[in-house]
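Input: a single structure, listed below in structure tokens.
Reminder, nothing fancy here: chain letters follow the sequence lines and each chain counts from 1.
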Amino acid sequence: MSDSALRIESLSVTYPNGFEALSDVSFSVPVDAAVGIVGASGCGKSTLIRAILGLLPEGCHVSGEITVGGHDVLHADHAIMRAWRGRLIGYVGQDPFGACDPLRSVRHHIEEAWYVHRLRPPADAVSEGLTSLGVADPARRASQRPHQWSGGMLQRATTVAATAHRPLITLADEPTSALDTDLGDGSLILLRKSCRSLLLVSHDLASVARHTDQLVVFDRGRVVEAGQAQALLSSPRSTVTRSLLESSNPQPLRRSPVSAPAAVELRSVSKEYAVAGHRTPVIVDADLTIHRGEIVGVVGPSGSGKSTLLRLLSGQERPDGGDVLTEGEPLWRGPRQRSPRVPRRGWIMPVFQDPVTSLDPRWPLWRTITEPLVLRGGRLSRSQRRQHAAAALEKVGLGHINVTRTPGSLSVGECQRVAIVRAVIANPGLIVADEPTASLDVEAAANIASFLRALADEGAAVLVVSHDEQRLRSYADRVLRMREGKVT
Amino acid sequence: MAILILALVGGAALLGPLLTGDPDVPNYTNSLVPPDSAHLLGTDEAGRDLLARTLWGARISLGSALLVTAITAVTGLLMGVLSGCAGGVLDTIVSRLIDVLLGLPGLIVTLAIVGLLGPGFLNLTIAMSATGWAVLARLARATSRQTMHLGHVKAARMAGASLGRVALEHVLPAAASGVAVVATLGIGEVVIALAGLSFLGLGAQPPTAEWGTMLADARQTLAYAPWQILGPGTGLVATVLAATMLSEALRDVTSPGAGH
Amino acid sequence: MLAIALRRVGQAAMSALGGGVVVFVLLIAAPGDPARRILNIRGIEEPDSSEIAAVRAELGLDQPIPVRFLDWFLGLFRGDLGLSWRTGNPVASEFASRLPATVILTVAALLIAVGLALALGILAGWRPRGWADHLSRALSTVALAFPTYLIGVLLLDLIAVRLGWGRVIADGTWKTVFLPAFTLALASAAVWSRVLRSALLDLDAAGFLRVSTARGASALRNMFVHRLPNALPPFLTVVGLGAATLLGGAPIVETVFSWPGVGKHTIEAITARDMPVVTAFTMMAVLAYVGMSLVVDLLIMAVDPRQRQSRTRKAVRT
Amino acid sequence: QSPAGVESGAGSKLTIATTYTIDDLDPVTSGYWGVEFGYVELLMRASADGVPTPWVLSKLDAVDDRTWRLTVNKGVTFVNGKPFDAKALAATLAWSAENQSGFSGAANFASAEVTGPLEVTLKTTAPTPTMPNLLADEANVLVMDVEAYKEYKASGKKAEALLDTGLYTGPYKVTSLDVQGAKLTPVDDYWQGEPALDALDVRFVSEATSRAQAVQAGEVDLALYMPVSTARTLQGRSDAYFLQGEPSGLVFGLISRMASPLMQDEAVRRAIYTATDYRAIADDVLQGHAGYAKAVFPPTYPYTLETQVTDLKQAASGLDAAGWAVGDDGIREKDGQRLAIRVLCTPALSDGITIAEAMQSQLEEVGIEVKVVQVDDHGAARKGKDWEVSLSSSLLSFGGSPDQAMSELLASDGTNNYAKIADPKLDSLIAELGKTVDERRRTEILKQIQTLIWDRGYYAVAAQRLLTVVVGPKWKGYRVPVPNLWVDYKTAPTT
Ligand SMILES: Nc1ncnc2c1ncn2[C@@H]1O[C@H](COP(=O)(O)OP(=O)(O)OP(=O)(O)O)[C@@H](O)[C@H]1O
Ligand SMILES: Nc1ncnc2c1ncn2[C@@H]1O[C@H](COP(=O)(O)OP(=O)(O)OP(=O)(O)O)[C@@H](O)[C@H]1O
Ligand SMILES: [Mg+2]
Ligand SMILES: [Mg+2]
């Protein structure tokens, strides 16, 4: 038996469509060590995991060598491979909710690690495993269904299942990308604790570096750099590593001074929702002022009321108590008023989390982009609208995109930029953005951040709700924290 | 492929009758002649040319199926979008109506309506339209409500678009494609249902050439003259296939999210 | 859980009531004076107004419409379906002798259809583009393109006449039910198997399948432990909705196979515009339909724990 | 059917499939089915030449034009064991005159007196020359135990109870009856001899295809009312045979609705009837499975007059003379009105539709457009206004008498005159016929009537209907009876 848990020698993988997802990849994971694989989206990380598990789709061309504890997994036959999965090679997936069958209990999910190998799970394996990872009251909780668990807890259950047979190596594919940063770190610590050797895959260089001994950096299917985690962090050699490092530690941007008049104000605003029959306060006595030219960020745990605050501020929803003022005038006057009274049409414009659904998939870009202009009363011909749209896209660096295209043919990041162009084309006074960068990769997110900043600098008030506090701090003037409906 | 079949079926329905004689004139000395050069699909018991009857029958079968589909699709779409966009009392009323109609077994209510109006192809078409729109309305309403919560509609509303404008420009097209897909898929079903009800004597009345009644007529002498099912059978299979393919093609064309 | 089930039962009751209203409207909108028709059956060709009034009172036609509706609707539960306009006999007694045969036929067809759909759907979903997939696609095209009556006649000719299996004139019992039930089931089975197939294939991308495969689970285990249960809700839903289609197809099959059921009887009633019989059949189908979708919903609730919660808690994630 | 060929009690069984459902055994509403299937008998039996022969009666003598002497056969007993004697006969006649609408309408019943142990004297209020035919009609006087029936009525029991009353005298008795069919068993001590069958099943199968297939599959021996197309399907097969009977009075009649504005024009009516090709309908359209109608009555009847001829020229010139000019599309017009007639028919009589469709092409040649209108409830639709020519019944009653049917259908005050024919000459002829006993005079009147209805274009016969059945191999020699009395005590397999 060799002293490496996993050894990969000049591995190449070509998908049936001829795309070479991995080429000539070699590295190894020593026994009891943790190795991190980092790289931008689409660089072949998941392909690597699938290759090790022998779960590449039919028709892939694979060359090279993969051995786990000295066993050749690339050429093992189906039955043997199945026996090794779970026992020799553990696997932790990306999304804990996706990993669990929603119809079955968490206990079933964990015990399945034994059942699939026709074994009987030890009597208290589930409780012990969960207790050791800090889940309270495991006996009762285990009989609940996945949707009754939180993501962090469920990730621990998955970890228990993945390491049930103490596999020689555990493969973890972006195990925390679906979790909050705090939760994510906790999960990784527990994961590291529970397994013997670990191969941790992620696009977040900084967080991987905290939990592994060695790092391998991928770019477009190739290894560009490998080495000790700390050394690599402190002196990255390749440009790929450097840009990865940069995007996971965004640099603060320029701030504008807050001396402008207030654009929008919340005065002891409160909101309740009827949940399961009884009313639950979601926003409690919120006060908030946003000035022209100012970006206010709001962070806070999930369910704390961030999105609700944003909807109240932008008139999408009516408060139960308190006032919302735009340029000093209340949005809501009489009790029978059905829509908010804004200073003018399109004075408040939104940017949403999902760029794809925020553009009408049937409309060409020019139509979407200039819709607010038309609604403001601009009598524009088609060709004028196209010109306006093209000019606006030019400003966000999308000048090369033909305005007659439909959103379906754009990338997600491009879509979000188009959405922002639509939001700003009619000179709004306030822009509200709910998680504008959550579905984007780091590069696109940085792009959007600087664009929002530029907007504010031109005089608009901006409210951004986000989980990504680090990034938010880089371009917001103020970052407020919400907890259980209160703004602090 | 779909286009080809469709063109064939549609062309047959439109042009076929011009090429052939009157499908309803009997010629009893020519009864049940197997397919030959004079009668490519043979003749039926009354000595009528089955090719002519198949082609003419296409008009009635397809025509009324298209009519039913069109009526149900338009009604369903409008009701669904209206209810989905307007919300409130209107939505409640329309939804209840849809629920009740969906809670009724369609084919049987069709039977009951025919019972009320009396047998006949027109009555059958009316009955099928009266019951068929609910399922499409529900689909349209669901899509509308979903669309109303999508970013682009919210953005349009915030940019100052009225409810009507949003419904017309954003929601209707979105709902229409789904309705079109499902309604198209239903064309084949409608043809078959019409045929089945005609078999029961509730639809087309002889000697009108209609695929369902042609097959029903054929069954008595099927063992002796099996070629009688050739024409209408091929027509029905082709229609169902074409409807399925068209529906799939429509789905591909109208689902613009394909790029992601 | 119980509360939700009860609410669902309440909804079902509302649907039945709504269906009742529609059916009742059909009944009272029917042309012709029922009293006159019944008198004609009783041998009075040209009844005078006092005779008509007497029968109107007997039938309760002189009551205001809401009262008539209530009478009619409650009568359904008492087994009082009114008098046939064609024979003058109580519809209930005409149905009583025919209903068992129709119940046997539709239940048998439902069982065959579900069994066939499960088998074909699983096989097709197991290996898309495999032989089972092609078979079920071909079957669904044929079932969709060829009317039931033709398939029935062909099956009779082939199986009962040429091979001598089964019977041409069925007697309405379980012994002879297979052929008519199979014919009736074919179209539904074809459609349902496609639904099951696509529900199974939709799950292909599900994370939990990949995870359990990565833990060493076999495809067989995945199919029966994870995929099938997860694909059941949409499947059960179409089965529930489609069960009434079976009842709707019964008249045709009953005619072809000489099955002594209510469907055939209803068609005769339609041609004679005998609305009480038609509406009674419709109402029965409505109740069967409402009942069936209730059962399906409760079944789905039993299968899928998420449905049991009054509100699906938003999964805690970004 | 020679009794010698009967192996009685040798396990022979007959299963018949028929279109029509028998609801119960009630003599008023469904007793006539019993006559056809051997569980009810009549006093007289209809025959092919229109002259009935005695059945349960041994003799029927006319004493004068208002008095008839009826003698019952010896030893006739009801299934319940009671004898059918003069007393029972008198009771039956009196009861039928009151309750059977056909008999009460036509028989002019005055009294029925027992004048001997087996003899009853029947008196009428007016001359009733067709009494033998009336007594041979399945809808008139059934041989039944009136006492037992009255008891049953008084008891208020359900219709099933009739099965146990032993009400009738036939060779077979119904032991069970439901929506699927009836089961019959032979009656012990049947008065004419031992019934030839051990069991008789009647099954109600509305689909003709199914009836034929059932014979092929050996489930059924005899399928009734088979469409002519079946003959072709069964050609050259040995599992089932198509058989047909002789012309017997059943017809595909055509009647003109005089209330229709178009049909008030005699030229139009005449053109319709003379342009119809009666030979082609029988020989080509129905492929010899129907009789060529040269007259409205069967060729075997003594008074039959061949009136019906096809003459396109005459039809055309008649129309020309009446001002109907041929339009652009070949259809005639007059004063802007198209010569388009609607022919009413019903799917229940599928060959009727075929005939209507044939007329469509035949009449087109003289410029008359025919629309085929199909209705399910033919009886009801005939009373309506949406037709010009309707498929109609025969001018003969089941018992072979023309008086009854003509007075109902063609007389201006007839109870069944839905065509609204009102011709004083015809009325007086029909009235006279009803009173005339003398055969020669009757023949004369009937010939005059036949000439009149042809000349005026009131009624014609498109084709003589033949009874058609499909039988299994064991019944290959079955003789299709005249009229449709499918089963009697001698009916048995032929091989
Ligand atoms: N079945 C397949 N057929 C063809 N190409 C594929 C297939 N699966 C993945 N690819 C391509 O292979 C490349 C690598 O994919 P992979 O899923 O390994 O990326 P990744 O590094 O895990 O990305 P991410 O961070 O987005 O998960 C991508 O460009 C992807 O488009
Ligand atoms: N329309 C609604 N009806 C009922 N409850 C709601 C509604 N919208 C939000 N809530 C509840 O209000 C609370 C706050 O929701 P909100 O969406 O504002 O949280 P959030 O901070 O944006 O969370 P996340 O980070 O997950 O987006 C949650 O408990 C949520 O379940
Ligand atoms: Mg990946
Ligand atoms: Mg939120």
Please flag which part of C:V21 lies under 4.5 Å from any non-hydrogen atom of chain B: side chain, backbone, both or neither. neither
Toward chain B, the part of C:I252 with a non-hydrogen atom under 4.5 Å: both
With a 4.5 angstrom heavy-atom cut-off, is it the side chain or the backbone of C:T279 that approaches chain B, or both, or neither? neither
C:R194 and C:D133 ion-paired at < 4.0 Å: yes
Excluding sequence neighbours, so at least two apart, what forms side chain to side chain contact (heavy atoms under 4.5 Å, CB included) with B:A225? B:L32, B:W227, B:Q228
Sub-3.5 Å donor-acceptor pair from the side chain of B:T213 to the main-chain atoms of B:A209, do we have one? no
By side chain to side chain contact (heavy atoms under 4.5 Å, CB included) - contacts of C:P276 (at least two apart): C:L27, C:W85, C:V91, C:D274
Which of residues 130-143 of chain B have a heavy atom under 4.5 Å from any heavy atom of chain C? none
Just by distance, do the side chain of C:H265 and the backbone of C:G261 share a donor-acceptor pair under 3.5 Å? no
With sequence neighbours left out, what residues match C:L186 under side chain to side chain contact (heavy atoms under 4.5 Å, CB included)? C:L116, C:I151, C:F182
C:L17 portion near chain B, given a 4.5 angstrom heavy-atom threshold: neither
C:E254 side chain to C:K264 backbone, donor-acceptor under 3.5 Å: yes
Pick one of side chain, backbone, both or neither for B:I229, based on which atoms fall under 4.5 Å of a heavy atom in chain C. side chain
Can you confirm if the NZ or CZ of B:R59 lies within 45° of the ring axis of B:W56 and under 6.0 Å from the centre of its six-membered ring? yes
